[in-house]
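Data first, discussion second: the structure below is written as structure tokens.
Along the sequence shown, the residues carry numbers beginning at 1. Numbering of ligands and ligand atoms starts at 1, following listing order. Both backbone and side-chain heavy atoms feed into the values below; hydrogens, waters and symmetry mates do not.
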Amino acid sequence: MPTELMLFDTLQHRLRPFVPLREGHVGLYACGPTVYDHAHIGNLRSYLFGDTLRRVLALNGLCVRHVVNITDVGHLTSDADSGEDKMETGSRRMGRSAWEIAAYFTDVFQRDIAALRILPPTLWARATDHIAEQIDFIGDIERRGFAYRTSDAIYFDTEMLDDYGALARLDKRGLRPGHRVDVGDKRSPTDFALWKFSGSARRQMEWDSPWGRGFPGWHIECSAMSEKHLGALFDIHIGGEDHIPVHHTNEIAQHQARHGHGPANYWLHGAFLQLEGSAKMSKSDGNFLRLQTLVDAGYDPLAYRYLVLTAHYRSPLVFSWEALKAAQTGLGRLRQAVATLPEAGAVDADWQHRMRSALHHDLNTAGALSLAWELLRSPVPAAAKRATLAWLDNALGLGLAGSATPVVDVPPTVLRMAVERDLARQEKRWADADALRLRIEAAGYRVRDGAGRSMVDRVPAPQ
Ligand SMILES: Nc1ncnc2c1ncn2[C@@H]1O[C@H](COP(=O)(O)OP(=O)(O)OP(=O)(O)O)[C@@H](O)[C@H]1O
Ligand SMILES: [Zn+2]
């Protein structure tokens, strides 16, 4: 009897059994990177959490439509609508145009997630590709009476919603003007910009709109793009916990104004990666480590994935080099152990049930990992151990059953195609899977079907 998938919903503040809105399908939206700088390993922890969720959903036979946005305009240096657009700051720092740095950091980000074996989303949605949709959304909010104009922007009037801030359990009374927050021209400190005017500032990214030349506020992009690509109500919205009080709260408000309800049925949030002595690894504060820093120090990116899996996604994780080293040792031993096991066994139903139960308990990856070690020490026949671990690896994404093929020999572009092919196979999109096989072969690699995942290696040179 399969166990129910239980997920902790931030809005209802409780574990809820997951039931998709449409049988067999899941719409999943994740807030993506602001591409003004390198992603740090804290940001990447959030995407590893999203990847685990997606893999567990797919393991349940659900077809997941996963949309991740790329914020390439409108995210100001302060989440409270003040300061400069992060893209413009990044442009000045690097002496390149805002468009160039957006393209550059998007590419680096996509390479980082491929190195971590994070499945690419079904769709990347770029904010600057959806300006018309954002203007349309804002126009509707205004027509319904939820917006007002000041000298610098069109603002959302949060006083119009009785339950504004429910996601974060915000106490709006404590935030009345005249208390501790500088409101400027805003009527209320919680009001937020929908459209900012360029004014006299020289901006690289700006557009004409019914309200004047300017650019969209940060929150409207996610409302407009999730609606366009997943519909007005979809299953799961995810992001890091810093999004709860402002960004996601405001996405819900925008949706309520236009549709009378929030955008998603479940809200899930990942906890921070911290550095010792700081609450959050942060680009803005300059105290961050990149994935490449770990690689340069001799670590396999998947050692970081292993480290992240040892903590629950809702618990803070303090990064240390000792912990990373222990994770690299653990991953190496696990790979070695799996490599000695014979292929062609069948999955052990009892262990599969135990592992699935751990994952179904709000994605308890640490529990699933310790079961993997327990299984290796158990009297289960060796081939069944391998098959069971290969099955589990669909959720963990550590590349276990293919450990005989070193990941480093395969370039990230080919690896990404192999990962996409696995997903297509899991979702029974056979034509897509075949097309990806052909593309991998055209790149000079061959692909074999391992237990649950594609094994890719270079086509041997002719003798
Ligand atoms: N230290 C962290 N640990 C886990 N997730 C994080 C951390 N910092 C940011 N995130 C998450 O990373 C994702 C991408 O965020 P984004 O690129 O907008 O970074 P950011 O908020 O500008 O970063 P920073 O706060 O470091 O300047 C978001 O879901 C965010 O919640
Ligand atoms: Zn968002």
Side-chain angles (χ1 to χ4, degrees), residues 10 28-51 53 67-80 83-87 89-90 101-102 105-106 108-110 112-113 118 121 124-127 130 134 167 192 216-227 229-230 234 236-255 262-264 267-276 278-291 304 307-308 311-319:
T10 311
L28 172 65
Y29 186 90
C31 290
T34 310
V35 284
Y36 70 105
D37 201 342
H38 291 103
H40 54 65
I41 56 173
N43 300 133
L44 294 170
R45 183 184 185 203
S46 276
Y47 303 106
L48 282 166
F49 144 58
D51 191 52
L53 172 64
V67 178
V68 180
N69 70 302
I70 301 277
T71 299
D72 56 356
V73 69
H75 191 171
L76 304 188
T77 44
S78 151
D79 282 358
E84 196 185 28
D85 189 325
K86 290 185 181 192
M87 298 307 300
T89 317
I101 64 161
F105 287 120
T106 301
V108 180
F109 174 74
Q110 290 173 339
D112 279 353
I113 68 162
I118 292 174
W124 293 106
R126 231 191 317 265
H130 295 79
Q134 295 178 70
L167 184 74
F192 56 91
W218 172 36
H219 319 298
I220 197 72
E221 68 174 81
C222 289
S223 293
M225 296 193 291
S226 67
E227 181 193 275
H229 298 296
L230 294 171
F234 57 91
I236 312 178
H237 196 316
I238 58 174
E241 62 180 336
D242 51 338
H243 287 341
I244 299 171
V246 181
H247 183 52
H248 288 171
T249 287
N250 293 345
E251 272 188 54
I252 291 174
Q254 291 167 158
H255 240 75
W267 287 88
L268 271 61
H269 292 95
F272 289 146
L273 181 77
Q274 306 174 333
L275 277 177
E276 271 163 306
S278 81
K280 172 182 186 286
M281 181 175 286
S282 167
K283 272 183 281 203
S284 323
D285 299 348
N287 65 338
F288 67 89
L289 291 167
R290 288 177 50 198
L291 188 63
Y304 178 62
L307 173 63
V308 167
H312 190 257
Y313 77 90
R314 283 194 292 120
S315 304
L317 172 65
V318 180
F319 177 84

Quiz item: Is the distance between the Zn ion (ligand 2) and the nearest N/O/S atom of His247 smaller than 2.8 Å?
Solution: yes

Quiz item: Hey, is Tyr47 one of the residues with a heavy atom under 4.0 angstrom from ligand 1?
Solution: yes

Self-check item: Close approach of Ala30 to ligand 1, heavy atoms, under 4.0 angstrom
Solution: no

Practice problem: Please report which non-hydrogen protein atom sits nearest to atom 29 (O) of ligand 1, along with the residue it belongs to and the distance in Å to one decimal place. | Solution: Gly240 N, 3.1 Å

Quiz item: Just checking, any donor-acceptor pair under 3.5 angstrom between side chains of His237 and Glu251?
Solution: yes

Quiz item: Relative to each other, are the rings of His40 and Phe288 parallel, tilted or perpendicular (30° and 60° limits)?
Solution: tilted

Quiz item: Has Cys222 got an N, O or S atom lying less than 2.8 Å from the Zn ion (ligand 2)?
Solution: yes

Quiz prompt | Gap separating the CG atom of Leu273 from the OH atom of Tyr304, nearest 0.5 angstrom | solution = 4.5 Å

Quiz item: Strictly under 2.8 Å, is any N, O or S atom of Cys31 next to the Zn ion (ligand 2)?
Solution: yes

Quiz item: Heavy-atom contact under 4.0 Å between His40 and ligand 1?
Solution: yes

Practice problem: Please confirm whether Leu273 comes within less than 3.5 Å of ligand 1 when only nitrogen or oxygen atoms on both sides are compared. | Solution: yes

Quiz prompt | Aromatic ring pairing Trp267/His269, orientation class (parallel under 30°, perpendicular over 60°, tilted between) | solution = parallel

Exercise. Return the option from Pro33, Gly42, Pro316, Gly270 holding the heavy atom at the smallest distance from atom 4 (C) of ligand 1.
Key: Gly42

Exercise. Tell me which protein heavy atom sits closest to atom 21 (O) of ligand 1, plus the residue, atom name and distance to 0.1 Å.
Key: Asp242 OD2, 3.9 Å

Quiz item: Under 6.0 Å from the CZ atom of Arg290, do we count more than 12 heavy atoms belonging to anything else shown?
Solution: yes

